[in-house]
Protein chains: 2
Amino acid sequence: MEIEPENHDLCKKAFVLAIRDALAVVSGKWKLAIVCTLLSGPKGFADIERLLATISPRMLSRELRELEVNGTITRHKSEPDGKNRKYALTSSGKKLEKVVFILAAWGAEHRAESANTHQ
Amino acid sequence: MEIEPENHDLCKKAFVLAIRDALAVVSGKWKLAIVCTLLSGPKGFADIERLLATISPRMLSRELRELEVNGTITRHKSEPDGKNRKYALTSSGKKLEKVVFILAAWGAEHRAESANTHQ
DNA sequence: CGGTATCCTTCTCGATACTG
DNA sequence: CAGTATCGAGAAGGATACCG
């Protein structure tokens, strides 16, 4: 992922693809929130549901499925026999922590800056 | 923006607000792309339209307005008399460059990692 | 506990045509 | 050049109820 500064065209194919991949995870009302809950370790459906408080089971189910499909989390049975499942971040998913922090840092700074006569 | 590692609850109010602010800019099909085109300097409507190639004037107009409202870009007349306008990043908008790169870097890594039997 | 099924509303985005 | 107006399709999201 090298981008030459003088090349104004950040719309290079690889760059655009990368951005799109990232946004596929980052966009969606609950995906990042779910990732955040999993940063502290694997969780069950009900755990996440409780942490997010206002999410409906339908949405949680859908978002989990999408995160699983795109390789951000895994779903596995916690007991060999059991019905209990746990969701956990993949190695790639764990690396989202950095992204989340950068995003939040910018968001906070942006909010502060906009507060002062938006300039 | 300090977050204690042992505190699993990244759903803290300030953190969530920051994330939401960031996503308000980052989400939307064209917003980040527009920001990318402006990283190399102020541009006119038609310039951006041409760089993004497939965007409709309606969407460009809307996305520009939203970015302006949320303090990411400014719109100003380039000539004192003129009708020509230029869009430019605010200082806060310029700082998005870092975010974009981190996002793209993660996206590229994620894509590569998912390619290998998704683990 | 860990989800699905159904239904409905709203928001997003694109196409196309037109304006000062 | 720099947009706005209108329309319509489809995706996103929520409420609620129910299932193994």
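Lettering follows sequence order; numbering is per chain, from 1.
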**Student:** Take atom CZ of A/Arg58 and atom C1' of C/dG3, then tell me their distance rounded to the nearest Å.
**Tutor:** 13 Å
**Student:** Write down the distance between CZ (A/Arg65) and P (D/dA12), rounded to a whole number of angstrom.
**Tutor:**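 Answer to the nearest Å: 17 Å.
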**Student:** In whole angstrom, give the distance that lies between atom NZ of A/Lys31 and atom P of D/dA11.
**Tutor:** 14 Å
**Student:** Grab the CG-C1' distance between A/Leu64 and C/dC1 for me, whole Å please.
**Tutor:**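 Going from CG in A/Leu64 over to C1' in C/dC1 covers 14 Å.
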**Student:** Is the phosphate of D/dG3 approached by B/Ser61 (side-chain N or O, under 4.0 Å from OP1 or OP2)?
**Tutor:** no
**Student:** Say you draw a straight line from CG of A/Leu32 to CZ of B/Arg20; how long is it, rounded to the nearest 0.5 Å?
**Tutor:** 14.0 Å
**Student:** If you look at every heavy atom in A/Ser27 and B/Ser27, which pair is closest and at what distance?
**Tutor:**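 For A/Ser27 versus B/Ser27, the nearest heavy atoms are OG-OG, 3.8 Å.
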**Student:** Atom CZ of B/Phe45 to atom C1' of C/dG20: distance rounded to whole Å?
**Tutor:** 14 Å
**Student:** Please report, rounded to the nearest Å, how far the C1' atom of C/dG3 is from the CG atom of A/Asp47.
**Tutor:** 14 Å
**Student:** Assign A/Arg75 to base, sugar-phosphate, or nothing according to its heavy-atom contacts below 4.0 angstrom with the strands shown.
**Tutor:** sugar-phosphate
**Student:** A/Arg85 side chain: which of C/dG2, D/dA2, D/dA15 is closest?
**Tutor:** C/dG2
**Student:** With nearest nucleotide decided by heavy atoms, which residue, A/Trp30 or A/Pro57, maps closer to the 5′ end of DNA chain D?
**Tutor:** A/Trp30
**Student:** Specify the separation, in whole Å, of atom CE of A/Met59 and atom P of C/dT10.
**Tutor:**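 From A/Met59 CE to C/dT10 P: 17 Å.
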**Student:** Looking at every heavy atom in both B/Leu38 and B/Tyr87, which two are closest together, and how far apart are they?
**Tutor:**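 Looking at all heavy atoms of both residues, the closest pair is CD2-O, 3.4 Å.
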**Student:** Does the side chain of A/Lys86 get closer than 4.0 angstrom to OP1 or OP2 of C/dG2 through an N or O atom?
**Tutor:**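 Looking at the OP1 and OP2 atoms of C/dG2, neither is under 4.0 Å from any side-chain N or O of A/Lys86.
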**Student:** Could you tell me whether the phosphate oxygens of D/dC1, OP1 or OP2, come under 4.0 Å of any side-chain nitrogen or oxygen in B/Tyr87?
**Tutor:**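 No.
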**Student:** Is A/Glu113 salt-bridged to B/Lys95, going by a charged N under 4.0 Å from an acidic O?
**Tutor:** yes
**Student:** Check the distance between C/dG14's C1' and B/Leu60's CG and give it to me in whole angstrom.
**Tutor:** 14 Å
**Student:** If I compare all heavy atoms of B/Cys36 with all of A/Phe15, which pair ends up nearest, and what's the gap?
**Tutor:**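 The answer is SG-CE2, 4.1 Å.
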